[in-house]
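Everything below concerns the one structure shown next.
Note that these values count all heavy atoms, side chains included, but never hydrogens, waters or copies made by symmetry. Here is how names work: the chains are called A, B, and so on, in the same order as the sequence lines, proteins then strands, and each is numbered from 1.
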Protein chains: 2
Amino acid sequence: MQKPSARPSLKNIAEEANVSVSLVSKVLNDRLGNTGVTEVIAEKIRTTAKELGYRKNLSAESLRTGRHNAIGVLIHRHGESGSGLTGNIVLGITEAAREHNQKLILNFFERDDEFIEMSETAHRGMMDGLIIGGALHPDLKNHIFSIQKQGLPVVTIFDQPIHPKIVNVGMDQKLAQEMATLHLLDQGCKSVGTLSTHPERTRGYQKAMKDRGIPIHPNWIQDTGALRYTYQAGEAAVKNWLSSDTLPDGIAAQSDAHAMGIINSLHAGGVKVPEQVKVTGFDNSAFCEYVRPTITSVSQVHEQRGKRTMEMVLDLSKGKNAVHEEVQPELILRGSSRSPKD
Amino acid sequence: MQKPSARPSLKNIAEEANVSVSLVSKVLNDRLGNTGVTEVIAEKIRTTAKELGYRKNLSAESLRTGRHNAIGVLIHRHGESGSGLTGNIVLGITEAAREHNQKLILNFFERDDEFIEMSETAHRGMMDGLIIGGALHPDLKNHIFSIQKQGLPVVTIFDQPIHPKIVNVGMDQKLAQEMATLHLLDQGCKSVGTLSTHPERTRGYQKAMKDRGIPIHPNWIQDTGALRYTYQAGEAAVKNWLSSDTLPDGIAAQSDAHAMGIINSLHAGGVKVPEQVKVTGFDNSAFCEYVRPTITSVSQVHEQRGKRTMEMVLDLSKGKNAVHEEVQPELILRGSSRSPKD
DNA sequence: CTGAAAGCGCTTACAG
DNA sequence: CTGAAAGCGCTTACAG
């Protein structure tokens, strides 16, 4: 169907505007060096380009410049349970990719060996840079480092940089949990508990409590053990709290599933949320918005992180510099932590 | 960092193997026409290619062949509320893209005008085909059709084809709801209700009931009105059922938020799920797996649809044929519809 | 059965 | 200030 000839090239513009191909290229790319062009001619070139509906052939540009205008994205999804990490990171990456005219080579993996296999062939010449994120298993560090050593710019999206020389867009987990805890205290809670699963988050909780001068009753911190971030961990914690008569009046959970397990268990036990106990979740999952009460939750701003990561890997691929960054978590306020004054 | 010279080209292989560049190209691409090559030589070429770590320069191939090895993806996310549509479709598309060595040009949109703007420039020469999915607004049909008319292969992911000539990978919504309803009846329910939001789904419910010879009490179908697919629609329906004393013993909801609103409201009213009332959701959202009871739900098999769509658009871009397809929904069985016998 | 040559559309030294 | 020419790496008629 599509006639190849339908697409105008630099040559067509050059003929139409009575100039050379070189000049058209320079004008259209704003690459005139320290000399200038007659504004009249430049304008004429731009106009005819527009008239002809010119769009640069990216393959030709790639071939000539050695750039591919494509960025690889490697996300290890292992253990992701609907936190929306994948979707939201991709959203941000996509936005930046569109702005910068980049194609994407997306790859999601569940198993370490798939990840390793991909990471070893990924750099072989069809992308200008690589974004790596998701679950981080210790084994993967070496692989990631070796890719970068072979000359492909790499930016990671982990909580912490895995290596000083591999640029990372991180998120301060401790600060995130601190924010949630402080919010509960601000809402009038006198005794705040947490479900201990993520060490940094637990530290953030402890810091907030300490800063406000509230001694932590040992029962307030419920270790989730093997239940980790699950709904059942929330149920178990509530059960322990109720049976030991040490139920806090605020709970800064470490996942949204925690929060949901907590809320449902409390309701089942006749305790009202947020009236008697206020709860915050973690991850700002989609369902936080449509359960009742809606769940206040920490957003890891994955979309924003994805966007920054893409921008940084593009900088690196152009020889510019990029340094570690950290994005600020956001607390999304909803019903589960509402106080009468709100 | 990366030395361009580090990457071997056909020329390098040709020199190494003492043959011409043309021959290397033909052998490596299995394009020998009806003539053959000495197997010895072919083998030698393949071996040296491997030794040198040769990988084809895709930009050069693109420039020469006119193919871009890139597929555009345009997803209209309007109204998506965590059904996981975006994420799962992307997962499937990604998988197929990897298998077929395609780059992706991803675009997500929330507003019609963004969608239209993109769809009008999308086809201008950096992709070989376009996948369009997500929310379908009537205005968009013309735009989609005009893209295809301009010569870019298009495959859509909507419930129904929007035009006989635009290949679609559909999903039978009626069948999906029929499956859920039949399942509830099979689990021993005598009176099944639904929340009417999606006309086809409601028809599927009606068909199942009719086929089993169960007359539908008018109250069993609760119109959700403006509440649509929300949690609150589920709450409202339960309220109506309880107050009118017509609560069915099975509810085939039309969204997972419905199901969650229903389950929480029933529990609040002292009705046990699944012991007294069994419930199914729709969309197989991530949270179905980690609330208690877990929620039986219809999967729209988005991942599979995404994969098929990519395969079909690639076929079209190669001049092959492709026809409308429909994928089969799957019912994912979980706790909310469990019967004692399970 | 194998090879020489043209050309896809672009950018970039280089020359004038 | 502007242009002619080379060349990125590949594929494909065409010739032998």
Side-chain angles (χ1 to χ4, degrees), chain A residues 2-46 49 52-69 101 124-126 128 318, chain B residues 2-46 49 52-69 101 124-126 128 318:
Chain A
Q2 202 177 14
K3 299 223 183 75
S5 58
R7 258 190 92 193
S9 68
L10 286 188
K11 202 171 142 200
N12 298 320
I13 299 174
E15 283 164 1
E16 198 74 24
N18 266 313
V19 290
S20 74
V21 170
S22 337
L23 196 56
V24 176
S25 172
K26 283 172 207 155
V27 168
L28 259 29
N29 289 296
D30 278 331
R31 233 166 304 184
L32 297 160
N34 34 24
T35 71
V37 203
T38 326
E39 186 48 40
V40 184
I41 294 187
E43 198 47 38
K44 189 171 176 192
I45 291 175
R46 290 194 205 95
L52 266 46
Y54 174 74
R55 304 237 16 213
K56 181 191 294 191
N57 180 318
L58 299 181
S59 299
E61 183 191 32
S62 293
L63 179 56
R64 171 65 225 225
T65 61
R67 304 200 83 242
H68 300 92
N69 294 311
N101 239 309
R124 305 242 230 128
M126 54 189 288
D128 305 316
K318 286 169 190 157
Chain B
Q2 201 176 16
K3 296 223 184 78
S5 58
R7 258 191 92 195
S9 68
L10 288 188
K11 202 169 141 201
N12 298 321
I13 299 174
E15 285 165 0
E16 199 74 25
N18 265 313
V19 290
S20 75
V21 170
S22 337
L23 196 56
V24 176
S25 173
K26 284 172 206 154
V27 168
L28 258 29
N29 289 296
D30 277 330
R31 234 168 303 186
L32 298 160
N34 33 25
T35 72
V37 204
T38 327
E39 186 47 41
V40 183
I41 294 188
E43 198 44 40
K44 188 171 175 191
I45 290 175
R46 291 194 205 94
L52 265 48
Y54 174 74
R55 305 240 12 214
K56 181 192 292 191
N57 180 319
L58 298 181
S59 299
E61 183 192 35
S62 294
L63 179 58
R64 171 65 226 227
T65 62
R67 303 201 85 244
H68 299 94
N69 295 310
N101 237 310
R124 308 240 230 126
M126 53 188 288
D128 305 316
K318 287 169 189 157

Pair L10(A), L28(A) - check side-chain contact (heavy atoms from CB on, under 4.5 Å), show working.
CA-CA 9 Å; L10(A) 286 188; L28(A) 259 29; 4.1 Å; yes
Given [options], the nucleotide with the shortest approach to the side chain of [X]:
X: N57(A); options: dC10(C), dA13(C), dA13(D); result: dC10(C)
X: S9(B); options: dC10(D), dA6(D), dG3(D); result: dC10(D)
X: K56(B); options: dT11(C), dC10(D), dG9(C); result: dC10(D)

Going by heavy atoms in the side chains, are L63(B) and N57(A) under 4.5 Å from each other? yes
*asked:* With heavy-atom distances below 4.5 Å as the criterion, would you say the side chains of N29(A) and K56(A) are in contact?
replied: yes
Please give, in whole Å, the distance from [N] [atom2] to [X] [atom1]?
X: R67(B); N: dT12(D); atom1: CZ; atom2: P; result: 12 Å
X: N12(A); N: dG9(C); atom1: CG; atom2: P; result: 8 Å
X: N69(B); N: dG9(D); atom1: CG; atom2: P; result: 18 Å
X: L10(A); N: dA6(D); atom1: CG; atom2: P; result: 19 Å
X: K26(B); N: dC14(D); atom1: NZ; atom2: P; result: 13 Å
X: I13(A); N: dC10(C); atom1: CD1; atom2: C1'; result: 12 Å
X: E15(B); N: dG3(C); atom1: CD; atom2: C1'; result: 15 Å
X: K11(A); N: dG3(D); atom1: NZ; atom2: P; result: 16 Å

Distance (rounded to the nearest 0.5 Å) between [X] [atom1] and [Y] [atom2]:
X: E61(B); Y: S59(A); atom1: CD; atom2: OG; answer: 9.5 Å
X: L52(B); Y: N12(B); atom1: CG; atom2: CG; answer: 6.5 Å
X: I41(B); Y: N18(B); atom1: CD1; atom2: CG; answer: 10.0 Å

Select base, sugar-phosphate, or nothing to describe what S25(A) touches, counting heavy atoms under 4.0 Å on all strands. base
For K11(A), I'd like to know if atom NZ has over 12 heavy atoms of other residues, nucleotides or ligands within 6.0 Å. no
What one should report as the nearest heavy-atom pair of D128(B) and N69(B) is OD2-N, 2.6 Å
Within residues 16-23 of chain A, the residues having a heavy atom closer than 4.0 Å to DNA chain D are V19(A), S20(A), S22(A), L23(A)
Output field dot_bracket for DNA chain C (Watson-Crick or G-U, both distances under 3.5 Å, | for other-strand pairs) contains |||.||||||||.|||
Between I41(B) and E61(A), the residue closer to the 5' end of DNA chain C by nearest nucleotide is I41(B)
Open item on the list: If we ignore hydrogens and angles and just use 3.5 Å, is the side chain of S62(A) paired with the main-chain N or O of L58(A) as donor and acceptor?
Closed with: yes
